[in-house]
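Atom set for the values below is all heavy atoms of this structure, side chains included, hydrogens, waters and symmetry mates excluded. Note that the coordinates shown come from a computational prediction; the quantities given were computed from them, not determined experimentally.
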Amino acid sequence: MDMGNQHPSISRLQEIQREVKSIEQQVIGFSGLSDDKNYKKLERILTKQLFEIDSVDTEGKGDIQQARKRAAQETERLLKELEQNANHPHRIEIQNIFKEAQALVKEKIVPFYSGGNCVTDEFEEGIQDIILRLTHVKTGGKISLRKARYHTLTKICAVQEIIEDCVKKQPSLPLSEDAHPSVAKINSVMCEVNKARGTLIALLMGVNNNETCRHLSCVLSGLIADLDALDVCGRTEIRNYRREVVEDINQLLKYLDLEEEADTTHAFDLGQNHSILKIEKVLKRMREIKNELLQAQNPAELYLSSKTELQGLIGQLDEVSLEKNPCIREARRRAVIEVQTLITYIDLKEALEKRKSFASEEHPSHKAVWNILGNLSEIQGEVLSFDGNRTDKNYIRLEELLTKQLLALDAVDPQGEEKCKAARKQAVKLAQNILSYLDLKSDEWEY
């Protein structure tokens, strides 16, 4: 159809579709909940467009009816996606974990900044457990879930960092107010900064409805201005004291930008993160070494060179920057386990090869342990090759085989032989490590 003679109804539908298209990425990336302001805004826009589409007069013409139907379907699809993003089970899981963190902060941290005694080990352990559980929330590569997990982790990790800095790095002063009149003002500002620290934590965790980020930012900026206006008369110790307090304030101001930073960058998408790419490169090489070992006609010839290279890969992983990101930390931890498991596999194979050359008589219990170690070596080779989830029949089979070996070790009677006791203990630990590795390989974790 000639564009100059296009029917007005078709033109109107195309205009509506362009408006719908303009907010599509906002819908796809929406990481909040159904009671968020942005959710209601997007829902309102899309609903309005549906009414607009419905009001277009088709005049009984088939082509206009089809165009209206397509426009309505596209708008309804985005409405459905918006609703699914806000109510996805894993999004709810993230929110529930965050609520636990809120309760922990409310119980342990808010009182601390209101004159409480100290930050307890219970809080530190609790917040670390929450961070670990958040890193294990599955996102399935879904942008909205990745953003939600990133936002939540960023806030909780910021709180953890603020508290650690406060506890571990107290200012070297306050100085005595007799030293200089300016010291009294700096001491006063430092007290205000400590209060602001507590307010910031409450804001980040959403447990303070009486304050806003904008107001707190103004308060902190005002404190810097007050410090800048002080005359320290060239006194080095007072100037250093002021500088420490200004640095503390600037650090707190940085945390106030977290929410905006999370929305305006793609930091939540770790697929292109430099540290993750480095970890993936190490894992790729580790898998190549593993395949060479498992497929080799005479793997013993590869043991020494493979172990040397694998130790080098461990060194590369140690150099990976964590960027204060718990997901990167978890990715590195898992990669280290992958590489270390392959090294352990080679060590056991070498030990079993060496044992064949021993002609001396063995204690029956010690021999039984070695026989079980031989079985574990074969099972470990299968576990290294396993690529599935916990519903796979092969996973269940491998789990049962490892459990049988643990039971067999439990049945070995060392008869007082210390050497046999130590060997059995090591074999049990190995079997448990293989079980843990099987679980790690099958838990479908992704960054």
Side-chain angles (χ1 to χ4, degrees), residues 31 80-81 83-97 100 129-150 152-153 268-271 276 279-280 282-284 286-291 293-295 326-342 344-345 348 372 375-410 427-447:
S31 59
K80 185 177 180 181
E81 179 154 3
E83 184 181 354
Q84 287 175 339
N85 285 351
N87 296 290
H88 194 286
H90 292 161
R91 179 64 188 90
I92 303 302
E93 182 184 358
I94 290 169
Q95 184 62 16
N96 287 339
I97 295 173
E100 288 182 41
D129 175 66
I130 283 169
I131 289 170
L132 184 62
R133 284 161 56 202
L134 277 170
T135 63
H136 283 84
V137 173
K138 294 180 176 61
T139 66
K142 197 171 172 64
I143 291 174
S144 61
L145 290 176
R146 281 186 172 183
K147 284 180 73 175
R149 186 177 67 175
Y150 177 80
T152 308
L153 276 169
F268 64 87
D269 185 6
L270 292 177
I276 290 292
I279 292 170
E280 289 292 347
V282 168
L283 287 173
K284 181 183 177 185
M286 183 278 299
R287 292 183 189 109
E288 290 171 353
I289 296 170
K290 178 181 71 177
N291 291 335
L293 280 168
L294 295 177
Q295 295 169 14
C327 288
I328 297 175
R329 187 188 304 125
E330 177 66 9
R332 187 181 71 171
R333 183 188 74 84
R334 297 168 80 94
V336 168
I337 291 173
E338 290 269 8
V339 179
Q340 195 60 58
T341 299
L342 190 52
T344 304
Y345 172 75
L348 181 55
I372 295 169
N375 295 336
L376 285 172
S377 175
E378 296 304 314
I379 297 168
Q380 189 176 27
E382 287 193 62
V383 171
L384 284 166
S385 301
F386 178 75
D387 183 22
N389 56 46
R390 293 172 188 174
T391 60
D392 290 357
K393 289 181 180 178
N394 204 27
Y395 172 87
I396 297 166
R397 183 182 67 83
L398 289 168
E399 189 180 42
E400 287 176 353
L401 284 172
L402 287 165
T403 303
K404 283 179 181 177
Q405 300 312 309
L406 280 167
L407 291 172
L409 284 167
D410 191 51
V428 167
K429 186 177 179 181
L430 174 64
Q432 289 171 338
N433 286 344
I434 298 171
L435 258 174
S436 297
Y437 177 64
L438 178 62
D439 281 342
L440 180 139
K441 287 197 76 175
S442 58
D443 67 3
E444 300 176 275
W445 182 81
E446 91 284 332
Y447 43 76

Novice: Which atoms form the tightest heavy-atom contact between L384 and K290, and what is the distance?
Specialist: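 Shortest heavy-atom contact: O-NZ, 2.9 Å.
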Novice: List for me each residue that meets salt bridge (Lys or Arg N to Asp or Glu O under 4.0 Å) alongside E288, sequence neighbours excluded, and say none if there are none.
Specialist: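 For E288 the salt bridge (Lys or Arg N to Asp or Glu O under 4.0 Å) partners, ignoring immediate neighbours, are R285.
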Novice: If you apply the rule side chain to side chain contact (heavy atoms under 4.5 Å, CB included), what do you find for Y345 with L294, and how did you get there?
Specialist: CA-CA 11 Å; Y345 172 75; L294 295 177; 3.6 Å; yes
Novice: For residues A331 and I276, report the shortest heavy-atom separation together with the two atoms involved.
Specialist: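 Scanning both residues completely, I find the closest heavy atoms to be CB-CD1, 3.7 Å.
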Novice: If every non-hydrogen atom of R333 is compared with every non-hydrogen atom of L440, which pair is closest and at what distance?
Specialist: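 That would be NH2-CD1, 4.3 Å.
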Novice: Between A335 and I279, which heavy-atom pair has the shortest distance, and what is it?
Specialist: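 It is CB-CG2, 3.7 Å.
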Novice: List in chain and number order the residues that pass side-chain contact (heavy atoms from CB on, under 4.5 Å) with S436, two or more places apart in sequence or in another chain; answer none if no residue qualifies.
Specialist: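 Not a single residue meets the side-chain contact (heavy atoms from CB on, under 4.5 Å) criterion with S436.
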Novice: Under 4.5 Å between any side-chain heavy atoms of L134 and P326, yes or no?
Specialist: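 Counting from C-beta outward, L134 and P326 never come under 4.5 Å.
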Novice: Please name all residues satisfying side-chain contact (heavy atoms from CB on, under 4.5 Å) with L132, sequence neighbours left out, ordered by chain then number.
Specialist: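 Result, side-chain contact (heavy atoms from CB on, under 4.5 Å) vs L132: T135, H136, E330.
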Novice: Could you work out, with salt bridge (Lys or Arg N to Asp or Glu O under 4.0 Å) as the rule, every residue matching D443, not counting sequence neighbours?
Specialist: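 Only R334 meet the salt bridge (Lys or Arg N to Asp or Glu O under 4.0 Å) criterion with D443.
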Novice: Measure from the side-chain N and O atoms of D410 to the backbone N and O of L406, and report whether any donor-acceptor pair falls under 3.5 Å.
Specialist: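 It does not hold such a pair.
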Novice: When rounded to the nearest 0.5 angstrom, what distance separates CG in L401 from CD1 in I434?
Specialist: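 Here the interatomic distance stands at 11.0 Å.
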Novice: As an exercise, state the distance from OH of Y437 to CG of L342, rounded to the nearest 0.5 Å.
Specialist: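 It comes to 7.5 Å.
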Novice: Taking only residues at least two apart or on different chains, which pairs with a member in residues 375-400 satisfy salt bridge (Lys or Arg N to Asp or Glu O under 4.0 Å)?
Specialist: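 Applying salt bridge (Lys or Arg N to Asp or Glu O under 4.0 Å) to every pair that reaches into residues 375-400, excluding sequence neighbours, yields K349-E378, E382-R397.
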Novice: Roughly how far, to the nearest 0.5 Å, is the CD atom of Q380 from the CG atom of L402?
Specialist: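 Those atoms lie 9.0 Å apart.
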Novice: Should Y395 and N389 count as side-chain neighbours, where that means a heavy-atom distance under 4.5 Å?
Specialist: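 Answer no - side chains too far apart.
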Novice: Could you list the residues that satisfy side chain to side chain donor-acceptor pair (under 3.5 Å) with T139, not counting sequence neighbours?
Specialist: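 E446.
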Novice: Which residues pass the side chain to side chain donor-acceptor pair (under 3.5 Å) test with N87, sequence neighbours left out?
Specialist: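 Not a single residue meets the side chain to side chain donor-acceptor pair (under 3.5 Å) criterion with N87.
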Novice: Find the distance between OG (S31) and CZ (R91) and round it off to the nearest 0.5 Å.
Specialist: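 Taking OG in S31 and CZ in R91, the distance rounds to 6.5 Å.
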Novice: About how many Å separate CG of L376 and CG of L409, when rounded to the nearest 0.5 Å?
Specialist: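 Output value for this atom pair is 6.5 Å.
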Novice: Which residues pass the side chain to side chain donor-acceptor pair (under 3.5 Å) test with N375, sequence neighbours left out?
Specialist: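 For N375 the side chain to side chain donor-acceptor pair (under 3.5 Å) partners, ignoring immediate neighbours, are Q405.
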Novice: With N433, which residues qualify under side-chain contact (heavy atoms from CB on, under 4.5 Å), at least two apart?
Specialist: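 So N433 forms a side-chain contact (heavy atoms from CB on, under 4.5 Å) with K429.
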Novice: side-chain contact (heavy atoms from CB on, under 4.5 Å) with R133: which residues, sequence neighbours excluded?
Specialist: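 Partners of R133 by the side-chain contact (heavy atoms from CB on, under 4.5 Å) criterion, ordered by chain and then number, come out as I97, E100, D129, I130.
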Novice: Of all residues at least two apart in sequence or in a different chain, which pass the side chain to side chain donor-acceptor pair (under 3.5 Å) check with Q340?
Specialist: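 Partners of Q340 under the side chain to side chain donor-acceptor pair (under 3.5 Å) test: none.
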Novice: Strictly by salt bridge (Lys or Arg N to Asp or Glu O under 4.0 Å), give each pair with a member in residues 432-441 just once, sequence neighbours left out.
Specialist: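 Of all non-adjacent pairs touching residues 432-441, none passes salt bridge (Lys or Arg N to Asp or Glu O under 4.0 Å).
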Novice: Would you compute the distance between atom CG of L348 and atom OG1 of T344 and round it to the nearest 0.5 angstrom?
Specialist: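 Going from CG on L348 over to OG1 on T344, the span is 9.0 Å.
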Novice: Between S442 and F386, what is the shortest heavy-atom contact and its length?
Specialist: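 For S442 versus F386, the nearest heavy atoms are CB-CE2, 4.0 Å.
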